[in-house]
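These notes concern the structure reproduced below.
Numbers here are sequence positions counted from 1. All of these numbers come straight from a predicted model, not from anything done at the bench. Note that ligands are numbered from 1 as they come in the structure, with each ligand's atoms numbered from 1 the same way.
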Amino acid sequence: MKRDFVYSGSPARIDFGEGKSVSTGEWVGKLGCKRALVLSTPHQKADAEALAERLGSIAVGVFAGAVMHTPVDVTEAAMEIVRHTGADCVVSLGGGSTTGLGKAIAYRTDLPQVVIPTTYAGSEVTPILGQTEGGRKTTVRHAGILPEVVIYDATLTMGLPVAMSVTSGLNAMAHAVEALYAQDRNPISTLMAIEGLRAFQASLPQIVRTPQDLALRGEALYGAWLCGTVLGTVGMALHHKICHTLGGTFDTPHAETHAIMLPHTAAYNAVAVPDLLAPVAEIFGGSVGGGLWDFAKETGAPLALKDLGLSEADLDRAAELATENPYWNPRPIDRQSIRALLQDAWEGKRPSN
Ligand code: NAD
């Protein structure tokens with residue numbers, strides 16, 4: 001077999017295991033820092049305050065204002081606290097929204113980040129930051145955005161509601177599916193993507209039935225690390241473009257949009273690269289799109305864009321935007337095929353392939 005690839009490993013340090021968040025202070029010290037600002041969403045403020053309490057004198061404050069899509073005005077408010085407290089690092093406790101705020105601060109200040117993820121979205125291991133200003137979302141990729149340390153502690157995901165566990169897991173799975181056909185894929189990204197998909201296949205349906213099973217939560221978090229890492233190392237294609245278009249222009253919720261679109265975009269691309277997507281069919285059973293759709297249905301994920309408040313009339317505009325400046329994709333994209341794909345996703349149809 002002819003092999004031809006470029007590989008660079010992620011420099012992020014990963015500390016994975018039940019209860020590992022007790023070593024947060026130690027990691028702050030290993031980064032040479034003494035003044036940590038703890039970040040969270042308003043919803044997780046009490047957890048962030050408890051963490052700050054445990055960190056003792058190395059925690060100089062808590063900013064619990066993180067919100068979805070990293071609005072620049074929220075970052076500016078947090079930057080005020082950074083300056084005021086003289087923080088020399090941030091500790092982000094939460095999902096992609098909190099991680100996004102920590103990345104936005106690091107992008108502006110180069111402060112090191114310790115991230116303790118509590119969802120399965122995978123943002124903590126990518127050098128990618130999406131920010132919004134004046135209703136527009138822009139994305140930057142920069143080495144300084146990648147968090148230095150990530151502590152994966154499944155005990156902190158026990159409170160993640162089942163529906164959010166499922167959708168954030170499917171969000172992460174979408175990174176892995178697109179990594180399988182990425183132009184710049186390499187043997188390691190493919191191995192990680194397949195292992196990540198296996199981890200979610202083995203955990204998400206069971207988490208729905210027994211959400212308090214710590215070992216299952218750990219397996220999903222393992223999937224999050226793997227799928228997030230491939231998002232951070234290889235390029236994404238049609239699926240991410242469509243989800244950014246829907247979220248950016250029609251304000252559809254991030255994780256749910258990924259969950260609904262994944263079977264459809266995977267089925268679309270499976271026509272062009274059946275061999276590269278064969279592991280998906282093998283892991284989820286049957287066909288690529290059909291297997292993913294059955295999996296989403298089994299876990300109770302949303303299946304139809306119409307249930308996210310998108311009107312059928314919006315689909316024309318969505319198809320137009322999603323095919324403007326398209327990302328590289330293994331199957332050529334044209335407005336008519338994308339319009340048809342969006343129609344199926346809007347209706348919640350099971351893909352046939
Ligand atoms: P989120 O961070 O927005 O969290 C959703 C809600 O769940 C919040 O209120 C949060 O406080 C709460 N929550 C999180 N963990 C909890 C827990 N364990 N128990 C109880 N409540 C909990 O959700 P998300 O899906 O993780 O993140 C979505 C955001 O992440 C989007 O803005 C998306 O663009 C971004 N994202 C970025 C990347 C990247 O690489 N840049 C990758 C994936 C997602």
Side-chain angles (χ1 to χ4, degrees), residues 10 12 21 38-48 50-51 63-72 74-75 92-104 106-107 113 115-132 137-142 145-147 150 152-176 178-179 196 207 211-212 214 217-218 220-221 223-225 227-236 239-240 243-248 251-259 262 301:
S10 165
S21 58
V38 180
L39 307 174
S40 77
T41 61
H43 181 73
Q44 288 174 287
K45 186 176 179 196
D47 295 336
L51 175 63
F63 179 85
V67 291
M68 185 86 88
H69 302 314
T70 327
V72 168
V74 172
T75 303
S92 308
L93 174 71
S97 298
T98 303
T99 303
L101 175 62
K103 287 174 162 181
Y107 186 51
Q113 308 164 67
V115 183
I116 310 169
T118 62
T119 71
Y120 309 130
S123 172
E124 63 281 352
V125 277
T126 80
I128 306 164
L129 165 65
Q131 313 187 84
T132 46
K137 184 162 182 171
T138 50
T139 303
V140 268
R141 190 183 261 267
H142 185 272
I145 291 170
L146 181 76
V150 183
Y152 286 102
D153 180 348
T155 60
L156 301 177
T157 69
M158 299 298 279
L160 185 65
V162 165
M164 227 182 283
S165 304
V166 165
T167 51
S168 72
L170 283 159
N171 181 189
M173 283 168 53
H175 313 327
E178 292 230 290
I207 285 175
Q212 294 308 314
L214 185 57
R217 294 287 187 173
L221 210 49
W225 167 58
C227 296
T229 302
V230 293
L231 169 67
T233 46
V234 301
M236 296 289 116
H239 172 83
H240 282 73
C243 292
H244 287 171
T245 302
L246 293 174
D251 209 24
T252 59
H254 180 86
E256 288 82 350
T257 307
H258 275 273
L262 180 60

In a simple table, one pair per line, please give the protein and ligand 1 atom names for every N or O pair closer than 3.5 Å, along with the distance.
unit_1   : atom_1 : unit_2 : atom_2 : d
ligand 1 : 2 (O)  : G96    : N      : 3.0
ligand 1 : 2 (O)  : S97    : N      : 2.9
ligand 1 : 2 (O)  : S97    : OG     : 3.4
ligand 1 : 3 (O)  : S97    : OG     : 2.5
ligand 1 : 11 (O) : T41    : OG1    : 2.5
ligand 1 : 11 (O) : Q44    : OE1    : 2.7
ligand 1 : 15 (N) : Q44    : NE2    : 3.3
ligand 1 : 15 (N) : T118   : O      : 3.3
ligand 1 : 15 (N) : T118   : OG1    : 2.7
ligand 1 : 18 (N) : T118   : O      : 3.1
ligand 1 : 18 (N) : L156   : O      : 3.2
ligand 1 : 19 (N) : G159   : O      : 3.3
ligand 1 : 19 (N) : L160   : N      : 3.4
ligand 1 : 26 (O) : G96    : N      : 2.7
ligand 1 : 26 (O) : T119   : OG1    : 2.6
ligand 1 : 27 (O) : G96    : N      : 3.2
ligand 1 : 32 (O) : H69    : N      : 3.2
ligand 1 : 32 (O) : H69    : ND1    : 3.4
ligand 1 : 34 (O) : K137   : NZ     : 3.1
ligand 1 : 34 (O) : H254   : ND1    : 3.4
ligand 1 : 40 (O) : T126   : OG1    : 2.6
ligand 1 : 41 (N) : I128   : O      : 2.9

Test side chain to side chain contact (heavy atoms under 4.5 Å, CB included), reference K103, set T98, T75, L129, output is L129
Atom CG in L170, atom CG in L262: separation rounded to 0.5 Å? 6.5 Å
Got T132 and P71 here, is their nearest side-chain heavy-atom distance under 4.5 Å? yes
Side chains of K137 and H244: is there a donor and an acceptor less than 3.5 Å apart? no
Flag side-chain contact, heavy atom, 4.5 Å: V125 against S10: no
Report the distance from atom OG1 of T119 to atom CG of L156, rounding to the nearest 0.5 Å. 12.0 Å
